[in-house]
**Q** 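One structure follows; several queries about it will come next.
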Amino acid sequence: MPQSRPLTTLPIHPPGDFDFRRTVLGHGWYALPPFRYDSERGALGGVASLGGTIIPWEIREQGSLLELRVPARLAPHLRMPLKATVRSCLRMDEDLAEFHRQTRRLVSHRWIARTRSGRLLRAPTVFEDAVKLLCTTNCTWALTETMVKRLVEEFGPGDGARAFPSPEAIARSSERVLRTRCTLGYRAPFALELARRVADGSLEIESWRTTPLPTDELYATIRRVKGFGPYAAGNLLKLLGRYDYLGLDSWVRARYATLHGHGRKISDATIERHYKQYGRWRGLIFWLEMTRHWHEEKFRRQA
DNA sequence: GCGTCCAGGTCTACC
DNA sequence: GGTAGACCTGGACGC
């Protein structure tokens, strides 16, 4: 957040079972632009695009409240929509009471409710989450960061602070530009097709957050999008508030093998079978178990 | 510095 | 339904 411009502060009241740092740092999204995280100040920054207005913002804890800092010149009629966007990114309106009740039943899971864990940072739009997930497939995290950074630099609206590109901006691009300048490689045609389908209205991706479709049908819908296999679809579901799928990748397989198999490789079917007992929350419990060591390292003061 | 190998998910073709 | 190979990039490694 540029400090040279006058800022104004908007208070946000989080729900009682909310933990700011665990929500922000619970997976890697905070490191992908337009998000950025200042660990010294404990502040998450972002850039919103609301009705054609590009708005840099920053949020951090201030006592029991959260303090959202925005440019003082921000029009009053955009303040509530911006607060709603940030609340949605931080999953503040998601009801995790049932999830936390379930985790209290097992001694090994009580830390989850005790530390108010379970919310996973997401982007302002499903489109942004989907493109970013595509950028995580079959590559290192460093390459994912490069891809997203270049997409924002190349197509993101704004001067200086850039928001994530709209579907239309990417749709107007070309496979060649996405391949070379944004380093998407063979993912370029997948990203282009996704952007074009969203831009022309044939894929109503934003409705996925509120659709009444059963999760299995929504999963099948996501799988029909090119480039979205079991890993990408399962993890996109988590960002839509559905936790019925695990979204296995090589890192969590290795982590599971370390935790449950003394380092020996364990089949996906065995992992799936193990988590079936947790019902519709299994994907979230799985992710929190796999990353518990992050919680113990990053959040030692609370865990 | 250069070449080779490998890891990382998904798609397609094939059995 | 299961499997092999291709896709692309960057890092590790050997020379």
Side-chain angles (χ1 to χ4, degrees), chain A residues 27-29 31-33 120 122-123 126-155 165 167 170-171 173-198 202-203 205 208 215-240 242-259 261 263-273 275-276 282-284 286-287 290-291 293-294:
Chain A
H27 71 134
W29 253 213
L32 297 180
L120 303 173
R122 70 182 177 188
V126 180
F127 175 71
E128 182 176 331
D129 279 332
V131 173
K132 284 176 170 173
L133 266 168
L134 203 50
C135 293
T136 67
T137 57
N138 203 23
C139 66
T140 59
W141 182 251
L143 184 55
T144 298
E145 289 184 309
T146 300
M147 289 185 226
V148 174
K149 181 167 170 275
R150 294 200 181 160
L151 279 171
V152 171
E153 286 171 354
E154 196 74 32
F155 304 111
I170 295 179
S173 172
S174 68
E175 189 180 316
R176 188 181 57 80
V177 168
L178 293 173
R179 269 181 190 277
T180 54
R181 290 222 285 268
C182 302
T183 65
L184 261 66
Y186 72 93
R187 303 163 198 81
F190 301 152
L192 194 58
E193 183 180 326
L194 171 65
R196 286 180 175 163
R197 287 180 63 193
V198 174
S202 59
L203 185 66
I205 198 170
W208 289 354
T215 304
D216 288 346
E217 287 180 39
L218 184 54
Y219 177 80
T221 302
I222 298 170
R223 287 295 313 275
R224 284 194 288 275
V225 179
K226 285 257 181 69
F228 285 76
Y231 154 80
N235 282 295
L236 185 56
L237 277 176
K238 289 178 194 161
L239 300 179
L240 297 172
R242 316 256 194 147
Y243 305 102
D244 311 56
Y245 288 80
L246 303 187
L248 299 172
D249 65 10
S250 55
W251 184 82
V252 292
R253 286 187 186 102
R255 185 80 193 134
Y256 188 90
T258 301
L259 293 175
R264 285 195 325 274
K265 190 182 173 194
I266 296 174
S267 74
D268 289 0
T270 301
I271 301 174
E272 301 274 0
R273 220 170 19 250
Y275 285 96
K276 200 168 183 184
R282 56 188 177 271
L284 191 50
F286 168 66
W287 178 251
M290 294 304 102
T291 58
H293 61 303
W294 292 356

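Chain identifiers are assigned alphabetically (A, B, ...) following the order of the sequence lines, protein sequences preceding nucleic acid strands; residue numbering begins at 1 within each chain. Bear in mind the structure is a predicted one, so any value in this text is a computation, not a measurement.
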**Q** Looking at CG of A/Leu32 and CE of A/Met147, how far apart are the two atoms once the value is rounded to the nearest 0.5 Å?
**A** 10.5 Å
**Q** What's A/Ser250 touching, base or sugar-phosphate or nothing? Going by heavy atoms closer than 4.0 Å.
**A** sugar-phosphate
**Q** Please check if atom CZ in A/Arg181 has more than 12 non-hydrogen atoms from other residues, nucleotides or ligands closer than 6.0 Å.
**A** no
**Q** Please evaluate residues A/Val198 and A/Ile170 with respect to the criterion side-chain contact (heavy atoms from CB on, under 4.5 Å), reporting the C-alpha separation (whole Å), side-chain torsions for both, the decisive distance (0.1 Å), and the verdict.
**A** CA-CA 10 Å; A/Val198 174; A/Ile170 295 179; over 6 Å; no
**Q** On DNA chain B, which is the earliest and which the latest nucleotide, 5' to 3', with an atom closer than 4.0 Å to a heavy atom of chain A?
**A** B/dG8 to B/dT12
**Q** Determine whether A/Arg179 and A/Glu175 satisfy the following criterion, salt bridge (charged side-chain N to carboxylate O under 4.0 Å, His left out), listing intermediate values before the conclusion.
**A** CA-CA 6 Å; A/Arg179 269 181 190 277; A/Glu175 189 180 316; 3.0 Å; yes
**Q** Relative to the ring of A/Tyr186, is the ring of A/Phe190 parallel (under 30°), tilted (30 to 60°) or perpendicular (over 60°)?
**A** perpendicular
**Q** Would you please classify the geometry between the A/Tyr245 ring and the A/Tyr219 ring as parallel, tilted or perpendicular, with 30° and 60° separating the classes?
**A** parallel
**Q** Base, sugar-phosphate or nothing for A/Ala142? Non-hydrogen atoms, less than 4.0 Å.
**A** nothing
**Q** Are any of the side-chain heavy atoms of A/Glu145 and A/Pro33 separated by less than 4.5 Å?
**A** no
**Q** Kindly state each residue pair satisfying salt bridge (Lys or Arg N to Asp or Glu O under 4.0 Å) with at least one member in residues 126-137 of chain A, sequence neighbours excluded.
**A** A/Glu128-A/Lys132, A/Asp129-A/Arg209
**Q** Could you pull out the protein-nucleic contacts involving nucleotides 7-9 of chain C (nitrogen or oxygen on both sides, under 3.5 Å)?
**A**
unit_1	atom_1	unit_2	atom_2	d
C/dC8	OP1	A/Arg179	NH1	2.3
C/dC8	OP1	A/Arg179	NH2	3.3

